[in-house]
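Small disclaimer: the values here were computed from a predicted structure and weren't measured.
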Amino acid sequence: FTGTHGWPDTATVEAAHAAGVRVDLAVTLFSSSGIGTLCGSATNRARAVGNLVDRMEAGNADGLAIDFEGVPGSARDGFTTFLRELRAELTDRGRTDAGLSIAGPAVDWSDAFDLDALLDQADTFFIMGYDFFWSGSSHAGPSGILRTTADWRPFTGWSALRSIATYTSLVDAAKRRRIVYGVPYYGREWTTVDDSLGASTLDSIGAVSYSQAREAVTTTRTRRWHEGIKTPWYAWDGGGWHEVYYDDE
């Protein structure tokens with residue numbers, strides 16, 4: 001492990017448990033090559049599995065949330081094996097009550113997730129339903145676009161509804177109930193060529209938090225609304241056009 005971020009955190013876990021809230025320890029690995037190295041070796045998998053369950057138990061957590069991002073297609077079988085071995089270790093230690101969840105991308109571009117097999121081991125597959133438009137996008141748009149409409153279709157063929165339909169088509173009805181879709185309560189800002197819908201971008205300014213977006217549209221910016229995709233946005237001329245798309249209630 002290269003960072004433990006204050007874990008074990010006894011005070012937080014005790015407070016959560018006192019309130020009847022479970023605690024799952026999140027485990028992150030954001031490296032395609034690193035994921036391949038871990039999942040491609042039985043020795044590496046065994047070491048990781050043992051370490052993870054040790055850390056979970058050391059902090060009195062109730063389960064593990066696996067957030068491996070950038071899983072390459074070449075690691076598809078190895079990643080499934082890793083989850084199977086992780087579940088087996090939990091069972092061997094008598095932790096049959098332990099939760100096990102996986103975070104997955106909105107679009108499985110690399111065909112890296114054998115969802116049917118993964119949900120034989122995991123309780124939940126959490127779709128990270130964001131970054132349909134991102135910092136490198138050639139057009140400004142919502143990170144978590146709900147659907148494509150005629151005016152948005154030139155900019156993206158993917159949306160929340162397509163992502164959900166794709167993943168749920170891979171498994172039976174019982175397993176579909178264990179798929180969770182996560183929506184992004186934040187936005188992104190770009191400089192753009194004009195203030196038109198989905199304008200061509202010039203540069204990415206960065207992420208905009210929910211509170212920043214709400215503050216802007218209640219003070220200095222005019223909130224616009226696209227009924228088709230159910231998304232608010234705003235634009236302004238600040239020595240050049242800026243656009244922000246975000247999500248709210």
Compare all side-chain heavy atoms of [X] with those of [Y] and state whether any distance is below 4.5 angstrom.
X    : Y    : result
I127 : V180 : no
D172 : R176 : no
V208 : R188 : no
W233 : P142 : no
V53  : L86  : yes
E249 : Y210 : yes
S143 : Y130 : yes
R93  : D54  : yes

For [X] and [Y], work out which heavy atoms get closest and say how close.
X    : Y    : result
F126 : G182 : CZ-CA, 3.5 Å
W7   : M56  : CZ2-O, 4.3 Å
F79  : I102 : CZ-CG2, 4.0 Å
G129 : P184 : O-CD, 3.5 Å
A150 : P154 : O-CD, 3.4 Å
A48  : F82  : CB-CE1, 4.1 Å

Side-chain ([X]) to main-chain ([Y]) donor-acceptor, under 3.5 angstrom:
X    : Y    : result
S209 : Q212 : yes
S32  : G70  : yes
S41  : T43  : yes
T148 : G157 : no
S163 : S159 : no
Y246 : R214 : no
D108 : D111 : yes
T156 : W152 : no
S137 : W134 : yes
D24  : G63  : yes

Do F113 and F125 have ring centres separated by under 6.0 Å?
->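 Close enough - the centres of the two rings lie under 6.0 Å apart.
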
Between [X] and [Y], is there a shared hydrophobic cluster once you connect ILVMFWY residues whose side-chain heavy atoms come closer than 4.5 Å?
X    : Y    : answer
W241 : V244 : no
I179 : L161 : no
M128 : V27  : no
L29  : V49  : yes
V107 : I145 : yes

State, without any angle test, whether H242 and D195 hold a side-chain donor-acceptor pair at a distance under 3.5 Å.
->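 No donor-acceptor contact under 3.5 Å links the two side chains.
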
Go through the side-chain N and O atoms of Y245 and T231 and say whether any donor and acceptor fall under 3.5 Å apart.
->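 No pair is found: no donor N or O on one side chain lies under 3.5 Å from an acceptor on the other.
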
Give me the one residue out of L118, D116, L115 that meets side chain to side chain contact (heavy atoms under 4.5 Å, CB included) with T80.
->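 The option that passes is L118.
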
Kindly check if the number of other-residue, nucleotide or ligand heavy atoms within 6.0 Å of CZ (R178) is above 12?
->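 Yes, the 6.0 Å shell around CZ holds more than 12 heavy atoms from other groups.
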
Salt bridge flag under 4.0 Å for residues [X] and [Y]:
X    : Y    : result
D248 : R223 : yes
D120 : K175 : yes
R87  : D123 : yes
D62  : R95  : no

State the [atom1]-[atom2] distance between [X] and [Y], to the nearest 0.5 angstrom.
X    : Y    : atom1 : atom2 : value
L38  : N44  : CG    : CG    : 6.0 Å
D151 : S196 : CG    : OG    : 11.0 Å
N60  : T12  : CG    : OG1   : 12.5 Å
Q121 : S101 : CD    : OG    : 14.0 Å

